[in-house]
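Note sheet for the following structure.
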Amino acid sequence: MSELRETFVKPDAALEGANELGAAGARLAMTWQNLAATIGTLNGARPWGDDEPGNEFNKNYLGGDDQPAQRVLDLAADLVPLVEVLGPTVKGAVEGTVDTDDMVKTLFGGDDK
């Protein structure tokens with residue numbers, strides 16, 4: 001026979017954590033946007049030059065989808081938005097759980113112990 005286990009959440013603490021996570025995600029998104037723009041601007045200026053060695057460097061640096069620097073930029077561009085929504089997602093889950101608990105208490109009664 002399996003043992004019944006209960007999980008308890010402190011909604012105020014969970015919401016505070018979700019808000020902090022949301023703020024961190026927003027800061028990360030803003031920082032990444034600024035950093036990516038700076039990299040794009042610097043890269044657009046072609047500081048390595050337009051000669052043969054400079055073109056070869058660019059080809060092996062940002063010159064295609066499979067190049068290391070471009071892959072890092074692409075992966076971060078995919079990852080950062082996911083991190084940005086973690087806080088709001090957790091907040092919604094906590095609020096939904098609290099609302100459900102309140103509804104169950106209203107519908108089926110319950111004590112305030």
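Nothing here was measured: the structure is a model prediction, and the numbers come from that model.
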Query raised in the report: Is a side-chain N or O of N19 found less than 3.5 angstrom from the main chain of L15, in a donor-acceptor match?
Result: yes
Query - Minimum-distance pair of heavy atoms, taken over all atoms of N58 and R46 - result: ND2-NH1, 3.3 Å
Query raised in the report: Between V90 and A18, what is the shortest heavy-atom contact and its length?
Result: CG1-CB, 3.8 Å
Requested in this report: Tell me whether L28 is reachable from V85 by hopping between hydrophobic residues (I, L, V, M, F, W, Y) whose side-chain heavy atoms are closer than 4.5 Å.
Outcome: no
Query raised in the report: When Q70 is tested against each of V72, D66, L73 for side chain to side chain contact (heavy atoms under 4.5 Å, CB included), which residue passes?
Result: L73
Query raised in the report: Can you name the closest pair of heavy atoms from G54 and W48 and give their distance?
Result: O-CD1, 2.9 Å
Report summary line: Here the gap from L21 atom CG to T89 atom OG1, rounded to the nearest 0.5 Å, amounts to 9.0 Å
Report summary line: Rounded to the nearest 0.5 angstrom, the CG-OG1 distance for N43 and T38 is 12.0 Å
Query raised in the report: What distance separates F108 CZ from M103 CE, expressed to the nearest 0.5 Å?
Result: 8.0 Å
Query raised in the report: Which heavy atom of A29 sits nearest a heavy atom of V80, and at what distance?
Result: CA-CG1, 3.6 Å
Query raised in the report: Is there a path from M30 to L86 through hydrophobic residues (I, L, V, M, F, W, Y) whose side chains come within less than 4.5 Å of each other?
Result: no
Query raised in the report: Honestly curious: do L79 and L35 fall in one hydrophobic cluster under the side-chain, below-4.5 Å linking rule?
Result: yes
Query - Shortest non-hydrogen separation from P11 to V94 and the atoms involved - result: O-CG1, 4.1 Å
Query raised in the report: At their closest point, which heavy atom of G22 faces which heavy atom of P88, and how far apart are they?
Result: CA-CD, 4.2 Å
Query - Within 6.0 angstrom of E95 CD, more than 12 heavy atoms from elsewhere - result: yes
